[in-house]
Amino acid sequence: MAKKAHKEMSFMEHLEELRWVMVRCSLATVIMAFATYMVNDFLFNTVIFGPTKAEFVTYRFFCDASKYLGIAENICITDLDFKIQNTSMEGQINTFIWICITAGFILAFPYIIYQFWNFISPALYEKERKSAKAFIIVSSLLFFLGVLFGYFVIIPMTINFVSTFQISTAVVNEFNLESYISMIKSSVLVSGLFFELPVIIYFLTKLGLITVAFLRKYRRYAIVIVLIIAAIVTPPDVVSQVTVSIPMLLVFEASVIIAAVVEKRRLKA
């Protein structure tokens, strides 16, 4: 099916259009950041510092699950022995601003995806443009699932591990606020973007830049990388490592299946 006729744009006109896309995305992020400012008490005390409390939902879930399955009860967390301290004059101000911006970006993600879809849509076929709604919904759901996975799984396990790891009783854990916030931001954003892998693979396969054979050839390396990441961010126990690695492996396998379907259709076409 032929592509819909559009006025040819020069390279500079494309750059100008991309600039306005970035402006609109930035404006949406700022607006949502201001919205999070209105609930900053909940954002910081409940969300950001929630995983530092022993009664956090993830810790309670694993404790209850370990008791139900009759496995090691040392999974239960009764206390997280560490403090978070601010060591710079502007530390708390910077933290406040960047957390609001990060939260604004996460909340504005569907709109950001919509803007980038509009930017690339003139180069797509009419049939592909009609799938815009599905693309935005799927991409947003995958991103939010990744963010939730990072927040409820990776962050609590990371905090549990670093707070209990001790090279000597002479060392007291007092974490820097900037370091803690950096871990929070990287965990949720990287997880969110990682869960976009099926969408990325879909487009790369459609463009012929990646093949199923390539993904299957390097599957073993992907599994090793996922297991290494799981081992780094989790406590040294099998349950935690499996909990983190299985969803990540499922995302990769879903990408392989999607690539196979797209490649089959592309070859038929």
Side-chain angles (χ1 to χ4, degrees), residues 36 42-66 71-72 74-82 84 95 98-107 109 139-166 173 175-200 221-255:
T36 61
F42 171 81
L43 176 63
F44 283 93
N45 292 326
T46 303
V47 178
I48 300 302
F49 295 109
T52 65
K53 303 169 185 175
E55 61 271 16
F56 188 65
V57 60
T58 301
Y59 305 136
R60 290 190 285 107
F61 171 79
F62 280 109
C63 181
D64 294 339
S66 65
I71 57 180
N74 58 358
I75 294 178
C76 294
I77 298 172
T78 57
D79 183 41
L80 292 169
D81 189 19
F82 68 92
I84 298 177
T95 295
W98 281 110
I99 284 297
C100 287
I101 291 176
T102 302
F105 172 79
I106 293 172
L107 294 176
F109 187 81
S139 298
S140 300
L141 286 176
L142 287 174
F143 179 75
F144 290 138
L145 281 174
V147 168
L148 292 175
F149 177 73
Y151 179 73
F152 285 106
V153 179
I154 293 181
I155 289 176
M157 290 185 173
T158 302
I159 291 176
N160 179 35
F161 176 67
V162 298
S163 64
T164 55
F165 183 83
Q166 195 173 35
N173 283 327
F175 303 137
N176 184 273
L177 176 63
E178 183 180 351
S179 175
Y180 176 80
I181 295 301
S182 176
M183 183 272 295
I184 294 286
K185 292 190 298 182
S186 61
S187 295
V188 297
L189 292 179
V190 171
S191 296
L193 295 177
F194 178 81
F195 272 60
E196 291 292 302
L197 185 61
V199 176
I200 296 172
Y221 300 106
I223 293 174
V224 171
I225 292 173
V226 167
L227 292 176
I228 291 175
I229 294 173
I232 292 174
V233 303
T234 61
D237 64 80
V238 177
V239 176
S240 300
Q241 292 172 10
V242 169
T243 302
V244 171
S245 60
I246 286 181
M248 297 176 71
L249 291 174
L250 289 176
V251 170
F252 177 79
E253 291 301 326
S255 302

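Nothing here was measured: the structure is a model prediction, and the numbers come from that model.
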Find the distance between CG (Leu43) and SG (Cys100) and round it off to the nearest 0.5 Å. 6.0 Å
For the pair Ser182 (side chain) and Glu178 (backbone), establish whether a donor and an acceptor sit closer than 3.5 Å, ignoring hydrogens and angles. no
Please report the shortest heavy-atom distance between Trp98 and Lys185, naming the atom on each side. CB-NZ, 4.0 Å
For the residue pair Ile154 and Ser187, what are the closest heavy atoms and their distance? CG2-OG, 4.0 Å
Closest approach of Glu55 to Arg60 (non-hydrogen atoms, all atoms of both residues): O-NE, 2.8 Å
Does any non-hydrogen side-chain atom of Thr52 lie less than 4.5 Å from one of Phe82? yes
Please determine whether the number of non-hydrogen atoms from other residues, nucleotides or ligands lying under 6.0 Å from atom CD of Glu253 exceeds 12. yes
Do Tyr59 and Ile159 have side-chain heavy atoms sitting under 4.5 Å apart? yes
Rounded to the nearest 0.5 Å, how far apart are CD1 of Ile155 and CZ of Phe149? 11.0 Å
Keeping Thr58 on the side-chain end and Phe152 on the backbone end, is there a donor-acceptor pair under 3.5 Å? yes
Taking every heavy atom of Phe175 against every heavy atom of Val162, the minimum-distance pair comes out as CZ-O, 3.7 Å
Any donor-acceptor N/O pair, Ser186 side chain to Met183 backbone, under 3.5 Å: yes
Shortest non-hydrogen contact between Ile106 and Phe144, atoms and distance: O-CE2, 3.2 Å
Hey, what's the ring geometry for Phe143 with Phe109, parallel, tilted or perpendicular (30° and 60° as the breaks)? parallel
CD1 (Ile184) and CG (Leu189) are apart, to the nearest 0.5 Å, by 11.0 Å
Below 30° counts as parallel, above 60° as perpendicular, anything between as tilted: where do the rings of Phe56 and Tyr151 land? perpendicular
Would you call the rings of Phe49 and Tyr180 parallel, tilted or perpendicular, taking 30° and 60° as the class edges? parallel
Which pair of non-hydrogen atoms, one from Ser191 and one from Gly150, has the smallest distance, and what is that distance? OG-CA, 3.5 Å
Would you indicate whether the side-chain heavy atoms of Ile99 and Phe44 approach each other to under 4.5 Å? yes
